[in-house]
Novice: 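Below is one structure. I have some questions about it.
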Amino acid sequence: MISAVVFDVGETLVDETREYGTWADWLGVPRHTFAAAFGAVIATGLDYRETFQIFRPGFDLDKERQARADAGRAEWFGEDDLYPDVRPALTKLREMGAWVGVVGNQTARAGTLLRGLDLPTDFIATSDDWGVQKPSLEFFGKVIEVAGRPADEIVYVGDRIDNDVAPAKQAGMRTAYVRRGPWGWIHRNKKEVAELSDWQISDLNELAGIVAAENDAS
């Protein structure tokens, strides 16, 4: 059965168009140019942070985040940046009795912003809160710990194979790959998607049907 559903943050719950647009502005490059470079980096299998090196060699993301904050231009997202299916999907899952968590590779500030949105969840944390990042198995071990359920009763939902689906599967969880955002679209036809994800979805509202079907079958 499925007793818990845990969600990644960026491009699973939060549309990061605004955030990456502000990084383009910070770097002083056109937004469409930054977006094109970002997609090219992902398509070639490199870490997305290599995008910044294209425009500013030696770029240090942590230092630049602090510089933005000092300049009054810190990272920010709000209700309008949530994908439209987020609230109804999370609400339905909780109504069905599923434990709902949100845990992704995000800053402590992002965690504060997430908690401020009052999402219908049982738990919210970030990699900064935990001091460990995906794809580390320690991260997914902590997901299992806080969910308080057996690993095979937890579905981890994410848009990336490398950071979400593959390590969650290795940790014993079930996985749902969501086809949206740069990673979700660019990597959607990779064989690993079919091999490692139990379900491929385009809308988070599909999860309620998946949970109901699995639990009825059990």
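The shown structure was predicted, so the numbers you read here are calculated from the model rather than taken from an experiment. Positions are given from 1, in the same order as the sequence printed here.
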Novice: Check the pair Arg94 / Asp122 against side-chain contact (heavy atoms from CB on, under 4.5 Å), numbers first and verdict last.
Specialist: CA-CA 9 Å; Arg94 291 191 82 196; Asp122 296 288; 3.0 Å; yes
Novice: Kindly indicate whether the side chain of Ser3, heavy atoms from C-beta on, has any atom under 4.5 Å from the side chain of Ile154.
Specialist: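 Counting from C-beta outward, Ser3 and Ile154 never come under 4.5 Å.
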Novice: Atom CG in Asp164, atom CG in Asn105: separation rounded to 0.5 Å?
Specialist: 8.0 Å
Novice: Would you indicate whether the side-chain heavy atoms of Ile201 and Ile210 approach each other to under 4.5 Å?
Specialist: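 A side-chain contact under 4.5 Å exists here.
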Novice: Could you verify whether a donor N or O on one side chain and an acceptor N or O on the other, from Asp62 and Gln66, lie under 3.5 Å apart?
Specialist: no
Novice: Is there a donor-acceptor pair under 3.5 Å between the side chain of His187 and the backbone N or O of Ile42?
Specialist: yes
Novice: My understanding is that only residues two or more places apart in sequence, or in another chain, count here; which of them pass side chain to side chain donor-acceptor pair (under 3.5 Å) with Arg49?
Specialist: Asp47
Novice: Let me have the donor-acceptor pairs involving side chains of residues 136-144, under 3.5 Å, with sequence neighbours excluded, atom names and distances please.
Specialist:
residue	atom	partner	partner atom	Å
Ser136	OG	Glu138	N	3.1

Novice: Between the side chain of Ser197 and the main-chain N/O of Gln200, is any donor-acceptor distance below 3.5 Å?
Specialist: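 Checking the backbone N and O of Gln200 against the side chain of Ser197, no donor-acceptor pair under 3.5 Å is found.
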Novice: Answer yes when Arg73 and Asp25 have at least one side-chain N-carboxylate O distance shorter than 4.0 Å, and no when they do not.
Specialist: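 Between Asp25 and Arg73 there is no salt bridge, as every charged N stays at least 4.0 Å from the carboxylate O atoms.
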Novice: Are the side chains of Val103 and Ile124 in touch, meaning some heavy atoms are under 4.5 Å apart?
Specialist: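 The answer is no, as the side chains (C-beta and beyond) never meet within the 4.5 Å cut-off.
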Novice: Closer than 3.5 angstrom, by distance alone: can the side chain of Glu11 be matched with the main-chain N or O of Glu16 as a donor-acceptor pair?
Specialist: yes
Novice: Quick one: CD on Glu79 to CG on Leu113, what's the gap to the nearest 0.5 Å?
Specialist: 12.5 Å
Novice: If the condition is ring-ring contact (aromatic ring centres under 6.0 Å, His included), which residues does Phe123 pass it with, not counting sequence neighbours?
Specialist: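 Counting only residues at least two positions away or on another chain, Phe123 forms no ring-ring contact (aromatic ring centres under 6.0 Å, His included).
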Novice: Does any part of the side chain of Val211, heavy atoms only, come nearer than 4.5 Å to the side chain of Val5, both counted from C-beta?
Specialist: yes
Novice: What salt bridge (Lys or Arg N to Asp or Glu O under 4.0 Å) pairs are there with at least one residue in residues 173-185, not counting sequence neighbours?
Specialist: Asp85-Arg180, Arg174-Glu214
Novice: Between Asp81 (side chain only) and Gly78 (backbone N and O only), is there a donor and an acceptor less than 3.5 Å apart?
Specialist: yes
Novice: For residues Gly104 and Tyr156, report the shortest heavy-atom separation together with the two atoms involved.
Specialist: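 The answer is CA-OH, 4.3 Å.
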Novice: Nearest 0.5 angstrom please: Leu13 CG to Gln106 CD, how far?
Specialist: 9.5 Å
Novice: Could you walk me through whether Phe7 and Leu93 pass side-chain contact (heavy atoms from CB on, under 4.5 Å), step by step?
Specialist: CA-CA 12 Å; Phe7 294 85; Leu93 288 169; 3.7 Å; yes
Novice: Under the 4.5 Å side-chain heavy-atom rule for ILVMFWY, direct or indirect, which residues accompany Ile161?
Specialist: Val165, Tyr177, Val193, Leu196
Novice: Just jot down the side chain to side chain donor-acceptor pair (under 3.5 Å) partners of Ser127, sequence neighbours excluded, or say none.
Specialist: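 Once residues adjacent in sequence are excluded, Ser127 has no partner under the side chain to side chain donor-acceptor pair (under 3.5 Å) criterion.
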Novice: Give every residue pair that meets the salt bridge (Lys or Arg N to Asp or Glu O under 4.0 Å) criterion with at least one member in residues 150-162, sequence neighbours excluded.
Specialist: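 Every salt bridge (Lys or Arg N to Asp or Glu O under 4.0 Å) pair that includes a residue of residues 150-162, provided the two are not neighbours, is Arg160-Asp162.
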Novice: If a pair satisfies ring-ring contact (aromatic ring centres under 6.0 Å, His included) and one of its residues is in residues 191-217, list it, with sequence neighbours excluded.
Specialist: none
Novice: Who pairs with Lys92 by salt bridge (Lys or Arg N to Asp or Glu O under 4.0 Å), at least two apart in sequence or on another chain?
Specialist: none
Novice: Test of understanding: with side chain to side chain donor-acceptor pair (under 3.5 Å), list the residues that count as partners of Tyr20, not counting sequence neighbours.
Specialist: none
Novice: Should Glu19 and Arg68 count as an ion pair when the cut-off is N to O under 4.0 Å?
Specialist: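 Counted as a salt bridge, because a side-chain N and a carboxylate O are separated by less than 4.0 Å.
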Novice: A side-chain contact here means heavy atoms from C-beta on lying under 4.5 Å apart; do Leu204 and Val157 qualify?
Specialist: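 Answer yes - side chains close enough.
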Novice: With distance as the sole criterion, is a donor-acceptor pair present between the side chains of Asp128 and Thr126 under 3.5 Å?
Specialist: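 Their side chains do not contain a donor-acceptor pair, so the 3.5 Å distance test is not met.
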Novice: Quick one: closest heavy-atom pair of Gly181 and Tyr83, and the distance?
Specialist: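 Between these two residues, the closest heavy atoms are N-OH, 4.2 Å.
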Novice: Are side-chain N/O atoms of Glu64 and Trp26 paired as donor and acceptor at under 3.5 Å?
Specialist: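 Short answer, yes.
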Novice: Could you check whether any side-chain N or O of Thr91 sits under 3.5 Å from a backbone N or O of Arg87, counting only pairs where one atom can act as donor and the other as acceptor?
Specialist: yes
Novice: With Val102, which of Thr121, Val14, Leu117 fulfils side-chain contact (heavy atoms from CB on, under 4.5 Å)?
Specialist: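 Going through the options one by one, the only one that passes is Thr121.
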Novice: Strictly distance-based, threshold 3.5 Å: is any side-chain N or O of Arg149 a donor or acceptor partner for the main-chain N or O of Ala147?
Specialist: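 Yes, the answer is positive, given that a donor and an acceptor are paired below the 3.5 Å cut-off.
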Novice: Any chance you could measure Arg18, atom CZ, to Arg31, atom CZ, to the nearest 0.5 Å?
Specialist: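 Interatomic distance, Arg18 CZ to Arg31 CZ, rounded to 0.5 Å: 9.0 Å.
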Novice: Can you run down the ring-ring contact (aromatic ring centres under 6.0 Å, His included) pairs that involve residues 56-78, sequence neighbours left out, and say none if there aren't any?
Specialist: Trp23-Phe59, Phe52-Phe59
Novice: Taking only residues two or more places apart in sequence, or in another chain, which ones meet Asp8 in a side chain to side chain donor-acceptor pair (under 3.5 Å)?
Specialist: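 Thr12, Lys134.
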Novice: Between the main-chain N or O of Gln53 and the side-chain N or O of Arg56, is there a donor-acceptor pair closer than 3.5 Å?
Specialist: no
